[in-house]
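Step one of this worksheet: look at the structure below.
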Amino acid sequence: MRRDLSEKSVGRRSFLKVAGATAGGLIVGGVAGYLLNPGEKVWTTVTETTTKTVTGTATVSPTAVPWEQYFPRADRIMKDWELKWTGWDPTEYITTTDWVRSIDWGKVKSKYAGQTVTMACEGVDISAPQTFQPGFQGISGASLQLFGIPPETLHEKLMAEFTAGTGRYDTAELFGAWAQAYFPYMIDIRPFAQTYGVDLKDIHPAFRMMNTGPNGELLGVVEDADLHSFICRKNLLDKAGLKIPTTWDEVLEACEVLKPIGAKEGWYPWITYYSAKGFLTFWYWGTIAVQFRDVTYTRLDSWEPNFVGDEEGGVRALEIHKKLLEYSPPGSINNTYELGREQWLAGLGAMATSHQCWPRQSYDPELSKISPLNTDNIIEIRPYPKGTTNHAPENITTTYLGIPKTSKQQELAFLWSVYMNSQESSALMGCHGTGVESGFVSVISNPKVWKGQPAYKNIWETAWTAATETFVYIPEAYAIEEAAGAEIYRYLDGSEPSAKKALQNAEAEVRKILDKAGYLKTGIKPPPWTVEDWCKEHNEVNPKP
Amino acid sequence: MAELVIENISKKFMGKTALDNVSLTIHDKLFTTIFGNAGAGKTTLLRIIAGVEKPDKGKIYLNGKDITTFLPKDRNVAMVYQSFALYPHMTVYDNIANPLRARKMTKSQIDEKVNQISKSLGIQELLSRYPRELSGGQAQRVAIARSLVRDADVYLLDEPLTNLDYKIREGMREELKKMCKDFSATLVYASPDPLDALAMADRVAVMSDGKLLQYGLTRDVYYTPNDITVATIFGTPPINILKAEAREKDGHLFLETPLFRTDVTKYKERLSPNKEYKVGVRPHHLAISKRKVEVEMVSFPAEVHLTHVVGAETICYARSNSEEITIHVPYIYRMEGLEQVYVYFDPAHLLVFDKDTGLRVT
Amino acid sequence: MRKLNPGLLMSIPTLLFLFFWFFFPFLYNIYASMHYWTLYNPNIQFIGAENFIDVLSSIDFRNSAFASFFYTIICFAVELPLGLGIAVLLSREFKGVGIARVIIAIPILMIPIGTSIMWKLLTMPKLGLLQYFSEVLGFGVIDFYGNFWLASLLILLIDAWQWTPFFAIVLLAALVSLPREPYEAAKVDGASPFMVFTKITLPSIQPVMVIVSILRVLDLLKLADPIFVVTKGGSGTETLSAYIWRVAFKPLDIGYGGAVAVLYWILMFVLANILVRRFKSVIQ
């Protein structure tokens with residue numbers, strides 16, 4: 001998940017340092033640095049060191065292609081332990097196809113050398129795009145400027161820039177769930193893709209559906225493709241004589257068995273990914289509710305919200321959500337992504353549902369207390385627990401790299417977004433544990449990649465069943481999630497004792513927003529919400545393992 | 001009966017001596033002035049008596065009781081400050097009533113006492129005002145009223161007149177003296193102004209650099225100062241000091257100064273011939289005349305170069321044989337240019353001090 | 001030609017600034033609050049008082065108004081006496097008082113969000129230092145983030161840690177600038193230390209105390225940083241400022257958000273006026 005970037009590789013280490021040192025000054029300094037966003041300065045330093053590395057390795061393996069030295073490659077990105085762990089040949093590419101390799105960069109360079117392209121990045125720590133910045137600058141001759149924007153204000157900032165038409169950013173990271181709010185201000189990237197022979201269909205439909213317009217127009221290149229999995233520490237389950245749960249009932253039963261053991265040993269049965277009041281509550285409940293899909297919360301007939309469900313599957317999901325909080329560390333009701341991740345990597349939990357980054361980061365000995373490389377931990381990644389029927393994980397948090405209509409460097413921006421999010425580079429980001437995950441069929445189905453990002457195997461196997469909220473297709477998505485989440489939250493914190501009542505209140509709130517925005521009057525049918533249906537409607541193949 | 005005995009009190013502030021082994025006894029119902037220049041230790045002595053400062057060494061007895069370790073509130077002393085120290089948020093009435101309230105007196109008792117004291121100090125009309133609405137003189141009266149309203153054994157007044165202007169100061173001196181009599185109070189009054197002591201005090205203690213130099217009846221201290229320092233600081237304008245040498249001639253002993261020569265044979269036992277001394281004569285013991293007259297006095301010529309009229313009196317600054325002389329005449333003396341005059345004085349008023357120790361010899 | 005009043009001439013930059021950055025946005029906000037108006041939707045509809053009715057009937061608005069006042073009261077009730085106590089201690093002369101006065105000022109210099117993060121690190125279940133001591137002492141893991149009372153305690157701790165020194169420093173400045181004699185006079189007059197404090201010290205520093213209290217109360221009503229960090233507005237801890245941020249800026253609903261802001265402004269305006277009027281005589 002993209003929000004993760006701000007903490008990424010340094011997160012856990014610096015956290016431990018800070019927690020260990022009670023000196024206020026250290027924290028003041030750190031936080032001040034964080035808030036002041038040193039941007040340019042840090043950026044320069046990083047660029048210099050990275051350039052040196054790239055040049056250094058380039059001399060080791062000269063090739064026929066003059067631009068090869070700038071292509072992303074494992075030995076230029078990964079740490080030593082990662083290369084050892086995966087057993088990759090560092091001089092070989094790990095993906096079979098890469099659209100970057102088929103672009104004529106000589107032509108690009110002659111056209112764009114000396115020009116500048118800008119990008120708005122989520123997070124103040126912009127090290128993920130920075131990793132590929134020197135390569136792109138070398139390969140295109142253009143210069144790239146990165147602007148880090150704190151995640152808390154990215155949405156407002158971008159909307160302000162787009163509505164005002166400043167043209168300040170040539171490309172921007174757009175959050176999938178709220179992508180439709182940006183839609184009127186973005187170009188369709190398909191013509192550029194055609195010009196450069198970039199095969200956008202390699203992006204799995206599960207991650208493409210949310211940023212596709214009614215006529216198939218594509219909002220941007222998928223940058224971070226997130227899907228939930230179930231992860232557990234198998235060694236803890238084994239010790240308690242438990243099998244890996246496959247349904248929510250089994251999860252709750254396992255939690256009950258693990259609770260007293262964890263109490264003795266200093267951990268909890270469950271870690272809550274996110275639950276804080278508002279859209280996070282809605283998402284967490286939603287990922288569970290979608291497992292009861294015969295009575296799904298998102299089945300909207302002519303935009304009438306139905307969160308309770310015909311057979312009250314939504315109610316069941318909300319009750320599970322609340323129950324899980326009892327098995328989680330105290331205060332998990334207000335957990336955010338960051339806090340949940342710290343708890344998981346610190347070994348405070350036995351089981352969790354999460355995006356791909358948690359299982360991958362669990363392996364990193366520098367980030368994780370439960371790394372199987374250092375301890376006798378066994379990390380297992382499994383499909384999302386089932387509800388009443390077959391499961392379909394959520395894909396709401398996918399991120400895109402869009403190009404605003406006001407940009408004066410649209411083509412160069414497209415080339416950058418393609419370079420940064422090519423098959424090879426996105427595979428490397430995923431396998432490097434940055435939290436930026438690949439959405440390419442050619443990547444997630446590649447067993448060689450699974451060695452570096454074990455979660456991809458599960459993602460590949462379940463992505464074809466994925467679903468998304470209907471709301472992600474309208475600009476009011478955030479307002480709806482926030483309002484519904486606030487109502488649902490009342491059941492979690494006990495101010496509304498009935499789960500059903502809470503969901504009905506949420507329905508009423510959402511109905512109000514939909515009504516105000518005019519959806520209830522138009523009679524337009526909502527778009528499909530499962531990948532299967534979406535593929536049928538768009539005549540696409542839904543890739544299955 | 002209030003007798004305050006101060007015994008061997010010493011006090012240092014950050015290594016600097018403020019009081020050095022001071023002992024004195026304050027007698028009942030007398031007006032005692034602690035006199036000294038700024039930094040002499042007067043205020044410190046008062047604060048130690050009041051108990052707001054602890055002495056490093058020494059003891060204080062009040063009516064025979066050792067009160068050295070007593071808290072201020074247990075000593076039954078009252079204090080008046082140079083800065084008045086009124087409580088700005090309280091009315092005059094409340095300011096005066098505060099010490100009585102602290103002693104838990106009833107409302108009617110307080111009312112009676114406050115009215116009584118304010119009447120005798122002429123501040124009845126001010127009772128409902130706030131300190132910021134008072135003039136300097138009024139504020140000082142209120143401050144004095146606040147201390148006199150209590151039946152204290154000893155009243156300590158720390159330079160109460162210094163912040164007032166000249167005219168009010170004159171008037172207040174009269175009143176304080178009267179008050180001391182009327183209330184039959186025991187007053188200890190610290191002041192850097194010799195006039196305060198001379199005008200009011202029954203007894204005066206002269207201090208300098210934390211040491212008590214002389215303590216006694218005011219006129220005794222004035223006319224017979226123990227040493228040259230007391231003579232110099234206690235008295236205004238300051239005493240005239242001249243170098244002198246004793247010489248024996250024909251069985252007579254003379255003191256020779258640059259200005260005059262006088263027969264001191266009667267002090268033969270105390271003065272040694274051919275020894276250097278210092279002599280002092282107070283400015284008001286000098287008289288001037290434009291013509292030379294023959295009288296039984298010492299005389300010498302001088303040139304007046306500056307006069308300073310104060311009220312109905314004049315201070316003349318004269319020069320003679322490169323010595324500066326101050327003369328205080330009890331009338332208005334106007335000069336026209338430099339004037340040659342003759343200065344006269346009765347040799348009986350001459351004070352002779354040892355050149356090295358400064359102690360008075362005659 | 002008439003001469004321009006130089007006073008007016010010199011005020012023009014300020015007036016322009018005030019107009020563009022205060023009056024205009026203020027009026028524009030009132031205008032927005034009477035419309036259905038989201039930034040991504042070009043259709044702006046006049047809906048009269050509907051937004052205000054929605055806000056007033058919203059549970060979250062009432063809860064957040066309660067939370068704002070609740071935190072204002074408890075934080076103020078802790079910070080003022082504590083700050084006064086520290087000020088009195090530091091107004092005495094003792095060895096190292098200079099260093100102590102500097103140390104006590106450090107929290108004020110810290111960025112509020114940084115302070116909150118520091119406290120969050122200290123209170124993380126199983127990971128934070130405070131939780132460690134709590135477990136060692138047998139209290140177990142404390143639910144500082146999910147329980148209203150405990151989360152409020154943490155928010156109070158954060159705010160008091162950061163802003164008690166503000167009271168302490170300002171009141172200390174007031175105390176040390178008081179003349180020494182009235183205290184001594186009171187002591188000599190027989191007043192007990194308690195009487196000296198209540199009858200002389202407190203009334204003397206009252207004007208300063210009132211001003212600093214009014215500033216702090218108005219500031220506390222805007223409390224948001226620790227809430228974002230500790231609970232993200234959950235468990236009933238959401239204050240009015242946090243509520244406005246959640247409903248206005250994230251959904252970009254400037255109509256509804258504007259309505260909350262207008263109500264919030266009225267609340268603050270009335271309160272500030274009551275406070276200033278009530279204590280006008282003291283301040284002057």
Side-chain angles (χ1 to χ4, degrees), chain B residues 13-14 43-44 46-53 70-91 94-105 130-132 139 142-160 163, chain C residues 80 84 87-101 170-214 276 278-284:
Chain B
F13 288 114
M14 324 239 281
T43 303
T44 308
L46 288 199
R47 287 162 57 80
I48 284 174
I49 297 170
V52 290
E53 205 81 71
F70 280 30
L71 289 173
K73 66 184 171 80
D74 302 324
R75 296 189 174 202
N76 202 24
V77 297
M79 191 153 170
V80 177
Y81 289 82
Q82 178 184 351
S83 63
F84 316 145
L86 297 177
Y87 313 129
H89 55 280
M90 291 185 195
T91 61
D94 290 335
N95 262 285
I96 299 173
N98 198 52
L100 306 179
R101 285 184 184 141
R103 285 185 157 61
K104 308 234 156 43
M105 288 170 80
Y130 282 92
R132 61 174 179 273
V142 174
I144 290 165
R146 188 178 63 186
S147 71
L148 290 186
V149 77
R150 284 176 49 197
D151 292 321
D153 287 333
V154 179
Y155 298 90
L156 307 167
L157 293 90
D158 186 14
E159 307 191 23
N163 284 9
Chain C
L80 174 63
L84 184 60
V88 169
L89 285 179
L90 291 184
S91 68
R92 299 186 180 168
E93 288 297 327
F94 57 88
K95 221 175 186 174
V97 69
I99 291 167
R101 285 176 185 175
V170 177
L171 295 178
L172 175 65
L175 282 173
V176 297
S177 67
L178 291 179
R180 188 180 60 174
E181 282 90 356
Y183 288 91
E184 287 186 8
K187 272 192 217 164
V188 174
D189 284 347
S192 64
F194 178 76
M195 258 183 83
V196 171
F197 186 71
T198 53
K199 289 274 163 67
I200 294 164
T201 311
L202 276 185
S204 303
I205 61 169
Q206 197 190 14
V208 175
M209 208 152 73
V210 166
I211 289 170
V212 74
S213 296
I214 290 177
V276 170
R278 166 70 185 78
F279 293 108
K280 205 171 183 175
S281 59
V282 179
I283 298 165
Q284 284 169 352

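Naming: A, B, ... by sequence-line order, numbering from 1 per chain. Keep in mind that what you see is a predicted model, and the values were worked out from it rather than measured.
- Considering CG of C:D189 and CE of B:M79, their distance stands at 11.0 Å, rounded to 0.5 Å.
- Your options are B:A143, B:P88, B:P72, and the one with the most heavy-atom pairs under 4.5 Å with chain C is B:P72.
- Interface residue B:R47: only side-chain heavy atoms are found under 4.5 Å from chain C.
- Here the closest non-hydrogen pair linking B:K73 and C:G190 is CB-CA, 3.3 Å.
- Enclosure of atom CZ in C:F194 is not indicated, since only 12 or fewer non-hydrogen atoms of other residues, nucleotides or ligands lie within 6.0 angstrom.
- Closest non-hydrogen pair, C:V188 versus B:A50, comes out as CG2-CB, 3.9 Å.
- For the set C:R180, C:E181, C:K187, the count of heavy-atom pairs under 4.5 angstrom toward chain B peaks at C:E181.
- The two residues C:P203 and B:H89 make their nearest non-hydrogen contact at CB-CD2, 3.2 Å.
- Only the backbone of B:L86 comes within contact range of chain C, with at least one heavy atom under 4.5 Å from a heavy atom of that chain.
- Ranking C:M195, C:Q206, C:K199, C:E184 against chain B, the residue ahead of the rest is C:E184, based on heavy-atom pairs under 4.5 Å.
- For B:V52, the part lying near chain C is the side chain, with the backbone staying farther off; criterion is any non-hydrogen pair under 4.5 Å.
- For the set C:A186, C:P179, C:S192, the entry with the most heavy-atom pairs within less than 4.5 Å of chain B is C:A186.
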